Each structure stands twice: as C-alpha cells, then as structure tokens.
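Okay, so here's the structure we're looking at.
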Amino acid sequence: GSACSQGEVFIAMMQKGYEEAKKKAEFYDFLEIQPPSNYSSLIADGLIADEAQLEEILTNIYKLGKELTCTGAIKAGNADGSIPAYSGGLTTPPAGFKAGDSMRPDPYAGEQPLLVITGKNAAQYQGALTATTAELLKRFPDFRVDLYPTHRSVALPQAVLDNTRKNALSATTLAGGMAVDKVLPGIPFPIPKSGAEAMWNFLLRYQGVNIATKYDSWNVDAAGTAALSTTGQAFINYAIYEDMAKPISAKDTYYQMKLHYTGPARRAGEAIMLRDAANPLEQPRKAWQYLPGQRRVKLAPNLAYDTPNPGTSGAGTYDDVFVFNGALDRFDWKLVGKQEMIVPYNTYRLTYQPDARALTTPNFLSPDHVRWEKHRVWVVEGNLKAGERHIYAKRRFYLDEDSWVALASDQYDARGQLYRGSFAFLSQSYDKQTPDATPFMIYDLVAGSYNINGVVGPYGGIKYGTSLSKAKWSPESLAGAGIR
C-alpha cells in the first residue's frame, strides 16, 4: 500500500495532480489515508497551501483507491444503474457446462430483452448507438437491437492483472505512439493518455495464449444471397503471454496467425501466415502465402493495411480483421474519451450457433442471435495522415473498458461518408478466464452487403490448445499443409 506523505501516490497528487497520481495508484493493492494532522508539517513547510488543499488531496486519494479496476475500467456502475459495478467478472461456469468442452452454454440464456430498438424509436437512443447501428436502423424497418441487462462478465488471470499494475508505472510508447517500450505481458496503458495508447491496449490485450479453431466466413450480397467465402483452420499464437515475466522487446512477435483454407473448392489448399511485432517500424509485418497452383511459398508483404482480404471475398481489408489489426502508422490517433454505448456483448447465442445459415439473413445479421448491452467504451478516432494511402479516411473505434476488445467501429471514405462498419462478438470463456471475440463482421453500407467471419459454432466453438512447434510456425510448413 501507499500511505504517508512520502509515498509516491501522495507526492504525485501534491505535485502533479490527479491524473499522474491515478497512474501510480494502479500499482498498489490499497491506499491508506492518515489523519489530516499527520500531514500538518507540509503546510508549515509551504509544500501545501492550506487545509483546503490538503483536504482536496486526501479526497482525491480516497477516490483513486475506489475508482478503477486493474485494467483502468470504472469500478462503479453508472448513474441510472443500467451498467452495474464491476464485481470480478464471470468465473463460474453455468449449469450444463462440461469441463473441457469448447461449446460453452449461454449463462444468460433465460433472460429477456429489457427493450427493443427499431427505426421507429432509434432517435431516443441516438447518442448510444454507433453510426453503423443507426444507419441499419434507418435503412431496414425489420432490423432491431434487442437490449438485454448488462453483465460485466470479463475476468482475466491474476498474472495479467499484476503485470498491468506494473505497466501503469513504466510502459511508454515510441515514435509518436507507433511502438511500445517497457511493457510486460498485460494491458500496457490502463489509464491511456492518447489514442495510440488505447489502440495498443486493444492490440496487446489478453486473449489466451493459443487458439486452434476451425471456422467459416460467409458473405451476404445485396440481393440477400448467402455464400460461403472461406472454410479454414486457424492457429493463433499470442507469444508474449508464454512468459509473463519477460518484458516485450521491439522485435518480439506479439501475434502470429496461420490459416489453412479447406473450402470452398476453389480455395482449398491455400494457406497464409502473418506475424506482427511490438515495434512495426523496426520489424514490419511478415507475411507468407501458399497457392496450390504455384506450389511454392512466397513472401506476401501486401497482406496488410487496406489490401482486400480474400478470406472475406474482398468484403473487408486485412486491417479490418478482428475490427482492427496491424500497424498504427498510417493514421493519427485521437482519444475522444469514454462513452456509454449499446454494443454486442455476451453473444454466446451467436458464437456457439451450430448452424451458420441461421445467422446469415438478408440485409443484416439475424437479430435473433445478437445480444446487445449497454457498456462504457473508450472512443478512439483515427484520421488518415497526410501523404498516406488507405481506403478509409477516418475510423472510429469503440473499445470495451473491461477487456479492451474493439466491440465496434465506423469507417468513413475520403468524402466523409460512412462507408463500412464492423462489430466483434465478445463472450467470456468462463472456464479459461479469457475474453474471446473471434467472430466479427463488417457491413459494406455502399454495396449493401456484409460478411461475418470467425463462425466457429459449426466446428465445436472456441478451442484453446498448446503452441505449435517451431517447425510448424516456419513459412515452409505452409506448403506441406496446403497440398490438395
């Protein structure tokens, strides 16, 4: 804990103010406040102006100790009670869950919507809806948002929380926010001061260590016809979480993904592999691709940024995957602030739906399968830098305060018009202390189509496993797995 007038929290509050003291307070399990008379020498020595200032300092330290969770979320609920206080998340599996099973029952299956938002009453909730949600409600009379009770279900391993406390005191960014330094595996900036810091929280957040899951990607065109874009086997490794005591260095791979496509027939046998490092300016994304017709593995540096993603038949870009991924360097990032938003959350019904066609209804994803809740999010805006190229001129992200998952985004074109919008579908893997947002989707509001990716329900849900061998993470391994 931190208590006396020589403690760093007190000194920071006295000399630098609330925000700096808040950053230092994240390191401590408790903050002790002593009787005001114990601090009287500070007034006598001129370090504090008077008793009023001392009272303000002590009041703010009290507030600090009760205000935030380890990940920087507000502990308390909101004013009207529609967002509850954080109580540690969901750590007990519901009845019916079988230990070791990757199909996780919905712990909130018995709940009913509190209210339903349609185009007729959308104006009442305008400030709590993303631009994409509002546009869908405006366009389609049968689109709806079923708003359920809010559950702050996210729970993380203690080692992640401990490292996050340490990061709050030491983590920094480099090159104007484009890279990170002095970061342990965990949330690097639980009290972010910039948009770039918030985006690094999203990129480096805990999602488990290894995922090995088969999935589908489906496109639905403007005529309402659903077509399978891709079936694949995904292997994802978050290597920084293999050693919780090791600081992340500039060239460390924090994320690597290997995909083997098994369908449809025209794509069977293709494979790709991507690696992202903590300093993409020193170590840019490495990518390889195997195409059966060419029968060789080749470097593929274009599998990044706004290159159309063939895994979605071009419905999204490579950096639309998981709502966002890859380097931050083409945009200037602004931290807009926190906001209460209605977003997809605790979407077990969608994530573990065994029939993909039940999801892919015309015009929009089946409202019967999307649970919406009100949550506090960090709003981050990215504006395309002068001289840089990207099909999006502006992107607006909504990052969950408890998990740092990007729950949604709005993408705008060079004319300032809403072009596309994305959503991720978060559910807590309660048996693993791991938030998951493998399923994600993107609406193309110009073409009138959409894609949903990471559809794992038909293949047994979210599966966590052990890491692949070093040989299987080599580029050469793509050829062996990709032969038809």
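As the structure is a computational prediction, the values presented were derived from the model and not from experiment.
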Quiz item: So, Asn451 versus Ser217: side-chain donor-acceptor pair below 3.5 Å or not?
Solution: yes
Exercise. Answer yes if the side chains of Thr230 and Arg267 hold a donor-acceptor pair under 3.5 Å, and no otherwise.
Key: yes
Exercise. Answer yes or no: is there a side-chain heavy-atom contact under 4.5 Å between Phe235 and Ile211?
Key: no
Quiz item: Going by distance alone, is a donor N or O of one side chain under 3.5 Å from an acceptor N or O of the other, for Asp436 and Ser427?
Solution: no
Quiz item: Taking all non-hydrogen atoms of both residues, which atom of Pro192 and which atom of Ala198 are closest, and how far apart?
Solution: CB-N, 4.0 Å
Quiz item: Would you call the rings of Tyr443 and Tyr450 parallel, tilted or perpendicular, where under 30° means parallel and over 60° means perpendicular?
Solution: tilted
Exercise. Check the pair Asp216, Leu228 against side chain to side chain contact (heavy atoms under 4.5 Å, CB included), reporting the backbone distance first and the verdict last.
Key: CA-CA 7 Å; Asp216 283 341; Leu228 178 66; 3.8 Å; yes
Self-check item: side chain to side chain contact (heavy atoms under 4.5 Å, CB included) involving Ala447 - partner list, sequence neighbours excluded
Solution: Asp444, Ser449
Self-check item: Under the side chain to side chain donor-acceptor pair (under 3.5 Å) test, residues paired with Asn453 that sit two or more places apart
Solution: none
Quiz item: Is there a donor-acceptor contact under 3.5 Å from the side chain of Thr132 to the main chain of Glu135?
Solution: no
Quiz item: Between Tyr352 and Tyr348, how do the two ring planes meet: parallel, tilted or perpendicular, split at 30° and 60°?
Solution: parallel
Quiz prompt | For Pro93, all residues meeting side chain to side chain contact (heavy atoms under 4.5 Å, CB included), sequence neighbours excluded | solution = Phe97, Tyr430
Practice problem: Indicate whether the side chain of Asn219 and that of Asp221 have a donor and an acceptor atom separated by less than 3.5 Å. | Solution: no
Quiz item: Do Glu381 side-chain atoms and Val336 backbone N/O form a donor-acceptor pair below 3.5 Å?
Solution: no
Quiz item: Run the side chain to side chain contact (heavy atoms under 4.5 Å, CB included) check on Met341 and Leu407 step by step: do they pass?
Solution: CA-CA 10 Å; Met341 299 290 291; Leu407 297 170; over 6 Å; no
Practice problem: Please name all residues satisfying ring-ring contact (aromatic ring centres under 6.0 Å, His included) with Phe423, sequence neighbours left out, ordered by chain then number. | Solution: Trp372
Quiz item: Excluding sequence neighbours, so at least two apart, what forms side chain to side chain donor-acceptor pair (under 3.5 Å) with Lys432?
Solution: none
Exercise. Just jot down the side chain to side chain donor-acceptor pair (under 3.5 Å) partners of Ser249, sequence neighbours excluded, or say none.
Key: Asp252
Quiz prompt | Test salt bridge (Lys or Arg N to Asp or Glu O under 4.0 Å) applied to Glu401 and Lys75, Lys338, Arg205, Lys374, the passing residue | solution = Lys338
Exercise. Not counting sequence neighbours, which residues clear side chain to side chain donor-acceptor pair (under 3.5 Å) with Asp146? List them please.
Key: Arg144
Exercise. State whether the number of non-hydrogen atoms from other residues, nucleotides or ligands found under 6.0 Å of Lys472 atom NZ is greater than 12.
Key: no
Exercise. Taking all heavy atoms of Ala277 and all of Ala250, pick out the closest pair and write down the distance.
Key: CB-O, 3.9 Å
Quiz item: Closest heavy-atom contact between Thr312 and Gly316?
Solution: OG1-N, 3.1 Å
Exercise. Kindly state each residue pair satisfying salt bridge (charged side-chain N to carboxylate O under 4.0 Å, His left out) with at least one member in residues 271-285, sequence neighbours excluded.
Key: Asp276-Arg285
Quiz item: Any donor-acceptor pair under 3.5 Å linking the side chain of Trp333 with the backbone of Phe331?
Solution: yes
Quiz prompt | Polar side chain donor-acceptor pair, Thr173 to Glu197, under 3.5 angstrom | solution = no
Self-check item: Tyr148: ring-ring contact (aromatic ring centres under 6.0 Å, His included) partners, not counting sequence neighbours
Solution: none
Quiz item: Any luck finding a side-chain donor-acceptor pair between Tyr464 and Ser429 under 3.5 Å?
Solution: yes
Exercise. Kindly write out the residues that satisfy side chain to side chain contact (heavy atoms under 4.5 Å, CB included) with Leu147, not counting sequence neighbours, or none if the list is empty.
Key: Leu115, Ile342
Practice problem: Check the side chains of Asp329 and Tyr305 for a donor-acceptor pair under 3.5 angstrom, ignoring hydrogens and angles. | Solution: yes
Quiz item: For Tyr318, which residues count as a ring-ring contact (aromatic ring centres under 6.0 Å, His included) partner, sequence neighbours excluded?
Solution: none
Exercise. Would you check, one step at a time, whether the test ring-ring contact (aromatic ring centres under 6.0 Å, His included) holds for Phe324 with Phe397?
Key: CA-CA 9 Å; Phe324 181 81; Phe397 295 92; 5.6 Å; yes
Quiz item: Is the shortest heavy-atom distance from the side chain of Tyr241 to the side chain of Val160 under 4.5 Å?
Solution: yes
Exercise. Please report the closest heavy-atom contact between Asp410 and Tyr412, naming both atoms and the distance.
Key: CB-CE1, 3.8 Å
Exercise. Could you tell me whether Lys385 atom NZ has more than 12 heavy atoms of other residues or ligands within 6.0 Å of it?
Key: yes
Quiz item: Do the side-chain N and O atoms of Thr71 and Thr69 include a donor-acceptor pair separated by under 3.5 angstrom?
Solution: yes
Quiz item: What residues, two or more places apart in sequence or in another chain, satisfy ring-ring contact (aromatic ring centres under 6.0 Å, His included) together with Tyr345?
Solution: His375
Practice problem: Would you check if Val379 and Arg396 make a side-chain contact, meaning some heavy-atom pair closer than 4.5 Å? | Solution: yes
Self-check item: Salt bridge flag under 4.0 Å for residues Arg395 and Asp320
Solution: yes
Quiz item: Looking only at atom types and distance, does a side-chain atom of Asn121 sit under 3.5 Å from a main-chain N or O of Thr118, one as donor and one as acceptor?
Solution: yes
Quiz item: After noting the C-alpha distance and the side-chain angles of Thr262 and Lys214, does the key distance pass the side-chain hydrogen bond (donor to acceptor under 3.5 Å, both in side chains) rule?
Solution: CA-CA 10 Å; Thr262 59; Lys214 192 174 182 180; 4.5 Å; no
